[in-house]
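Below is one structure, written out as structure tokens; the observations come after it.
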Amino acid sequence: MKISQKEEFNKALLTWYHQEKRDLPWRRTSDPYYIWVSEVMLQQTRVDTVIPYYEKFIASFPTMESLAEAEEEHVLKHWEGLGYYSRVRNLQAGVKEVVGNYESKIPRTRAEILNLRGIGPYTAGAVLSIAYGVPEHAVDGNVMRVFSRLFMIEEDIALPKTKKVFEQRVMDVIDETDPSSFNQAIMELGATICTPNPRCLLCPVRDFCTAFEEGKQEELPVKTKKLKKKVMTIHSFAISEPGGKWLLRKRPAQGLLGDFWEFPQIECNPSMDSADALKSATGLVIEQGEAFAQFKHIFSHVTWHVEGYHAVLKDSSPIPEGYRFFSDEELELVPQSKPMSKLLMHLKNN
DNA sequence: AACACGGGGGA
DNA sequence: TCCCCAGTGTT
């Protein structure tokens with residue numbers, strides 16, 4: 001596309017958007033806080049997945065004050081299953097900053113809003129444009145895919161520096177009369193039509209698309225990086241008390257699934273006896289456990305082979321720091337990961 | 001610049 | 001299985 005066609009392009013794009021846009025909960029509001037919540041949830045997460053979480057979250061935390069005052073564990077419970085849990089911790093931290101330092105008004109400039117926890121270049125532009133109508137770029141993977149095709153940009157989008165090229169291009173083309181619709185329209189296009197396997201015959205702006213003109217839409221965007229994968233074998237120990245309570249431990253605050261509760265577990269060396277390994281890693285002393293579950297769980301780049309053992313604690317065993325017993329009811333109040341949920345499900349079925 | 005961080009959907 | 005997805009924070 002040529003920049004000189006900007007006006008016709010925007011007319012075609014926005015007309016299509018107003019006609020075809022999906023009716024999404026966060027499109028029924030212009031409350032900056034709600035836009036913020038939706039944008040954070042949408043980071044690396046699909047629309048269909050987000051919708052029920054969004055509805056429940058704003059019902060429970062309808063104002064920034066209510067979120068700022070809430071217990072983190074309670075907030076986390078609303079995020080359970082969404083993944084990337086640091087997002088919601090950062091969101092709450094950011095909201096606390098706004099309530100405490102900005103009289104509960106989300107700043108209207110990129111420089112200020114970028115200082116808030118959890119708001120990066122993308123979310124800054126999204127909130128500014130969608131909630132306040134400020135002409136700012138909001139470049140994500142979607143936008144890079146769409147623009148790489150529209151303008152035949154062949155630079156590697158896996159390289160961080162490449163994003164600047166796209167941000168500049170958005171600022172060249174953005175519709176100043178309706179930046180909110182413009183940014184959302186590009187994302188809508190990327191989500192529904194200009195997908196990895198594009199459906200160009202349905203595209204409202206294919207007449208402006210250089211890649212389509214040259215038949216290169218399938219070759220773009222250029223992306224080089226591939227991530228290496230790790231595999232780990234995890235042994236989990238379901239240890240119960242006579243009263244029916246489970247012994248759990250809290251994961252370290254830092255790292256994967258921080259502060260989540262789970263059965264005591266060890267990363268296992270196949271050659272080692274698992275009870276010995278548990279003792280040396282945690283101090284817990286058990287009778288030999290009985291296997292009750294075996295499954296695989298894939299995180300983005302880590303595959304866990306999980307083996308669950310039902311075990312009995314020796315009377316003489318110490319209860320190390322950070323471990324405590326939970327009843328089934330108590331268990332429902334604390335955040336837990338998918339593998340933990342699966343283990344509990346196996347136990348219930350036995 | 002590279003990496004950590006979840007989970008689900010589609011090919 | 002592999003890749004992708006409305007990214008951000010840390011190192």
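The analysis underlying the following values was restricted to heavy atoms, covering all of them including side chains, and did not include hydrogens, waters or symmetry mates. Numbers restart at 1 for each chain; the letters A, B, ... are given by sequence-line order, proteins then strands.
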Shortest side-chain distance from A:Tyr84, nucleotide among C:dG9, C:dA6, B:dC5:
B:dC5
A:Gln43 vs C:dA6: side-chain N/O to OP1/OP2 distance below 4.0 Å:
no
Looking at A:Trp261 versus A:Phe326, is the centre-to-centre ring distance below 6.0 Å?
yes
Is there a donor and acceptor pair, one atom on the side chain of A:Tyr122 and one on the base of C:dG7, closer than 3.5 Å?
no
If you measure from the C1' atom in C:dC4 to the same atom in B:dC5, how many Å do you get, rounded?
16 Å
For A:Leu257, which contact category applies under a 4.0 Å heavy-atom criterion: base, sugar-phosphate, or nothing?
sugar-phosphate
Are OP1 or OP2 of C:dA6 and a side-chain N or O of A:Arg22 less than 4.0 angstrom apart?
no
Closest-nucleotide 5' rank along DNA chain B - winner of A:Thr162 and A:Arg87:
A:Thr162
Pick the nucleotide of DNA chain C nearest each of A:Arg27 and A:Lys296; which residue has the one closer to the 5' end?
A:Lys296
At under 4.0 Å between heavy atoms, what does A:Arg251 touch on the DNA or RNA strands: base, sugar-phosphate, or nothing?
nothing
Between C:dC5 and B:dG6 - C1' atom distance, rounded Å:
12 Å
Interatomic distance where CH2 belongs to A:Trp26 and P belongs to C:dA6 [whole Å]:
12 Å
In which ranges does DNA chain B form stems of 3 or more consecutive Watson-Crick or G-U pairs, distances under 3.5 Å?
B:1-5 with C:7-11, B:7-11 with C:1-5
Could you tell me the separation between the CD1 atom of A:Ile35 and the C1' atom of C:dG7, rounded to a whole number of Å?
17 Å
Would you find more than 12 non-hydrogen atoms of other residues, nucleotides or ligands less than 6.0 Å from A:Arg28 atom CZ?
no
Please report the closest heavy-atom contact between A:Ala138 and A:Val143, naming both atoms and the distance.
O-CG2, 3.5 Å
Give one of base, sugar-phosphate or nothing for A:Thr123, where a contact means two heavy atoms less than 4.0 Å apart.
sugar-phosphate
Answer with base, sugar-phosphate or nothing: what part of the nucleic acid does A:Gly81 contact at a heavy-atom distance below 4.0 Å?
sugar-phosphate
With salt bridge (Lys or Arg N to Asp or Glu O under 4.0 Å) as the criterion, how do A:Arg117 and A:Glu97 come out once you've worked through the C-alpha distance, each side chain's angles and the decisive distance to 0.1 Å?
CA-CA 8 Å; A:Arg117 196 78 194 167; A:Glu97 292 174 49; over 6 Å; no
Side-chain hydrophobic cluster, 4.5 Å single linkage: members besides A:Ile286:
A:Phe237, A:Ile239, A:Leu247, A:Ile266, A:Leu278, A:Leu284, A:Tyr309, A:Leu313, A:Ile319, A:Tyr323, A:Phe325
Looking at the base of B:dG6, is there any donor atom on it, or on the side chain of A:Thr45, that sits under 3.5 Å from an acceptor on the other one?
yes
Test item: A:Tyr85 and A:Asp259 side chains (from C-beta on) under 4.5 Å apart, heavy atoms:
no
By ring pair (Phe, Tyr, Trp, His ring centres under 6.0 Å), which residues pair with A:Tyr132, not counting sequence neighbours?
none
Which value, in whole Å, describes the distance between the P atoms of nucleotides B:dG8 and C:dT8?
22 Å
Considering every strand and a 4.0 Å limit on heavy-atom distances, what is the contact class for A:Asn90: base, sugar-phosphate, or nothing?
sugar-phosphate
